[in-house]
Number of protein chains: 2
Amino acid sequence: MRTTTAVRPGGRSARVQQAVHDAVRQLADEVERDQLTIPLIAERAGVTPSTVYRRWGSLKELMAHVAAERLKPEAEPQDTGSLAGDLLAWAGEFMEDMVSLPGQQVLADALGSTDAALKGRCRQWQCDQVSLFLARAHARGEIVSCDIDTLLDLIMGPLTYRLSYAPDTVSESWLRRCIARALGSM
Amino acid sequence: MRTTTAVRPGGRSARVQQAVHDAVRQLADEVERDQLTIPLIAERAGVTPSTVYRRWGSLKELMAHVAAERLKPEAEPQDTGSLAGDLLAWAGEFMEDMVSLPGQQVLADALGSTDAALKGRCRQWQCDQVSLFLARAHARGEIVSCDIDTLLDLIMGPLTYRLSYAPDTVSESWLRRCIARALGSM
DNA sequence: GGGTTTAAAGCAATTATTTTGCGTTAGGAG
DNA sequence: CTCCTAACGCAAAATAATTGCTTTAAACCC
């Protein structure tokens, strides 16, 4: 098992990680998935293949790490003025990202990993987002009767499930119903 | 894209498919995941590697096919006398299978695929199961106010989500609450 | 700051896997 | 029974993965 995260954060190590991740994202838009190889990625990143093998182990693990990074929220999610609105904006954007063909690849790469630490991090990011929405709601004085886990179970659960098994069956109206149900439950 | 399913069903082709699938299942219990290679599988199955490459394309796709097969229900699920009971028995068995280490691999292999047809088949099997439970409930005279999709959204959604991102947080009591919520909703 | 230590990267040789062209085999159709 | 063809086997060639050793550059300690 390799560590991959923040080994000697400032310096060459970090630059290599950045270069490799960038190379993967670039090449994902340029070549078919089955010709996306580690030697190709290494060349684009300006490093030797053995560096990639030693740090990430395999293409599968590398793709999982890059995919997980794309699941990480980059900016503060918008404040819509209500919990339901915040959840819809957030989950809606996720939904739109992941129904697309590249999004489907990202989701598959992330879910295809068995790295528990990686999955745990993804889960934590989602918890953090929902936690932020709940804090906002509380600050507004909204009465909320459900916890983070239940919201994730009833929103991200069905959403991830459908995105994986039947991506053509998701829609904004369906997502609205999920959110309404989640907020109404308990 | 390859077809894989039922090409010249009766004959050599089917025997090869069987032998290869069997070899994968055997070897999955014997060797670490990263030394499970196509040449190894081919040797165990008594075929040449090129046969496997030509039919399945890559290890990833082969594993996805084998994993999907394990998600297919083999026997008629037990009739417990109530819809809630049927759902709990079925989803509970799925949960127990998939929290285990080999189960986690199977789930990751299946979810890691981007073969829409394969995913669609998995979804269909689950629809069929729930449909059967609903038919039984109807025959018993149970009043049921929710449809197949909602039951899958509220049971298999959260379950698959948690099995993927936080397998240590599932439990039978949690699953019971999911099922109760699903049956009470709408 | 300058010297020391040590992860991590580069390089190159070795090994393993993947691809491919072509001959062969065995189901399926007439 | 014979022909036709998809799928398999075989072996050579191309490509990718592994590994031992060397070199580089962060990090650490005076």
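The structure presented is a predicted model; accordingly, all values stated were derived computationally and were not measured. So that the names make sense, note that chain A is the first sequence line, chain B the second, and so on, each numbered from 1.
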Salt bridge (Lys or Arg N to Asp or Glu O under 4.0 Å) filter on Arg140(A), not counting sequence neighbours, yields Asp79(A), Asp86(A), Glu142(A)
Nearest heavy-atom contact between Thr80(A) and Gly85(A) is OG1-C, 3.0 Å
Contact check, residues 38-50 of chain A vs DNA chain D, heavy-atom distance under 4.0 Å, returns Ile38(A), Pro39(A), Ser50(A)
Arg15(A) has its side chain closest, among dC8(D), dG27(C), dA26(D), to dA26(D)
Separation of dA16(D) atom P from Leu36(A) atom CG, nearest Å, is 11 Å
When the side chains of residues 38-49 of chain A are checked against the rest of the protein, which donor-acceptor pairs come out under 3.5 Å, sequence neighbours left out?
from	atom 1	to	atom 2	distance (Å)
Arg44(A)	NH1	Gln26(A)	OE1	2.6
Arg44(A)	NH1	Glu30(A)	OE2	3.2
Arg44(A)	NH2	Glu30(A)	OE1	2.9
Thr48(A)	OG1	Thr51(A)	OG1	3.2

Restricting to nitrogen or oxygen on both sides, can you table the protein-nucleotides 21-24 of chain D pairs closer than 3.5 Å?
from	atom 1	to	atom 2	distance (Å)
dT24(D)	O2	Arg12(A)	NH2	2.9

Arg55(B) atom CZ is separated from dC8(D) atom C1', nearest whole Å, by 10 Å
For residues 90-103 of chain B, please give each side-chain donor-acceptor pair under 3.5 Å, one per line with the distance, not counting sequence neighbours.
from	atom 1	to	atom 2	distance (Å)
Ser100(B)	OG	Asp97(B)	O	2.8
Ser100(B)	OG	Gly103(B)	N	3.1

Under a side-chain separation threshold of 4.5 Å, the hydrophobic residues clustered together with Ile143(A) are none
Asp34(A) atom CG is separated from dT15(D) atom C1', nearest whole Å, by 14 Å
Sorted by chain and number, sequence neighbours left out, salt bridge (Lys or Arg N to Asp or Glu O under 4.0 Å) with Asp22(B) holds for Arg25(B)
For residues 148-171 of chain B, the salt bridge (charged side-chain N to carboxylate O under 4.0 Å, His left out) pairs (sequence neighbours left out) are Asp153(A)-Arg162(B), Arg162(A)-Asp153(B), Arg123(B)-Asp149(B)
Contacts satisfying side chain to side chain donor-acceptor pair (under 3.5 Å) that involve residues 103-114 of chain A (not counting sequence neighbours) are Arg33(A)-Gln105(A), Arg33(A)-Asp109(A)
